[in-house]
Amino acid sequence: MGTQANITAGDFLRAEMQGLSSRLRRAAEKLPEPEAVHELRVSARRLRALISNFGTFLPPAAAEVRARLKDLAGGFSEVRDLDVMLDNLR
């Protein structure tokens, strides 16, 4: 989102969550491409950080979403590690 002096915290949070959710969705649609695995993990990590930092402004269900994002990213951890190793061997 562009720099705006009068943006509210709610507007910022909404825009960031929508943007990161879209990135996560696009990455999931491109699986199993190696870059998609990386993008999915990065987007999930950034969403988790956003939820952690703004948790007091979010509904209680956000904690469950954060936990699921952690599981999702963790599920692709070994795949990403293998991709990096293969890339280093080339």
_Any donor-acceptor pair under 3.5 Å linking the side-chain atoms of Q18 with those of S22?_
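S22 vs Q18: no donor-acceptor pair found between side chains.
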
*asked:* Measuring from atom CG of D71 to atom CZ of R66, what distance do you get when rounded to the nearest 0.5 angstrom?
replied: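 Here the interatomic distance stands at 11.0 Å.
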
*How long is the span from the CG atom in L20 to the CD1 atom in I51, to the nearest 0.5 Å?*
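Separation between the atoms: 9.5 Å.
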
Quick one: are [X] and [Y] in side-chain contact, heavy atoms under 4.5 Å?
X: L72; Y: L24; answer: yes
X: L13; Y: T8; answer: no
X: R46; Y: R23; answer: yes
X: N88; Y: M85; answer: no
X: S21; Y: L47; answer: yes

*Hey, any chance V79 and L31 share a hydrophobic cluster, counting ILVMFWY side chains that come within less than 4.5 Å of each other, even indirectly?*
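Hydrophobic grouping puts V79 with L31.
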
*Mind checking whether V42 and V65 sit in one hydrophobic cluster, side chains of I, L, V, M, F, W, Y counted as touching below 4.5 Å?*
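No, it is not one cluster - the side chains of V42 and V65 are not joined through contacts under 4.5 Å.
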
*asked:* Run the ring pair (Phe, Tyr, Trp, His ring centres under 6.0 Å) test against F54 and tell me which residues pass, sequence neighbours left out.
replied: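 Once residues adjacent in sequence are excluded, the partners of F54 under the ring pair (Phe, Tyr, Trp, His ring centres under 6.0 Å) criterion are F12.
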
*Where do A73 and R41 come nearest, in terms of heavy atoms and distance?*
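It is O-NE, 3.3 Å.
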
*What is the minimum heavy-atom distance between A27 and L40, and which atoms define it?*
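Result for this residue pair: CB-N, 3.6 Å.
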
*Okay, side chain of D11, backbone of I7: is any donor-acceptor separation there less than 3.5 Å?*
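The answer is no, because no donor-acceptor pair under 3.5 Å joins these two groups.
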
*Any salt bridge between R25 and E29, counting N to O under 4.0 Å?*
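No, R25 and E29 are not salt-bridged.
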
*asked:* What verdict does the side-chain contact (heavy atoms from CB on, under 4.5 Å) test give for V84 and H38, after you've listed the backbone C-alpha separation in whole Å, the side-chain angles of each residue and the deciding distance to 0.1 Å?
replied: CA-CA 10 Å; V84 170; H38 174 67; over 6 Å; no

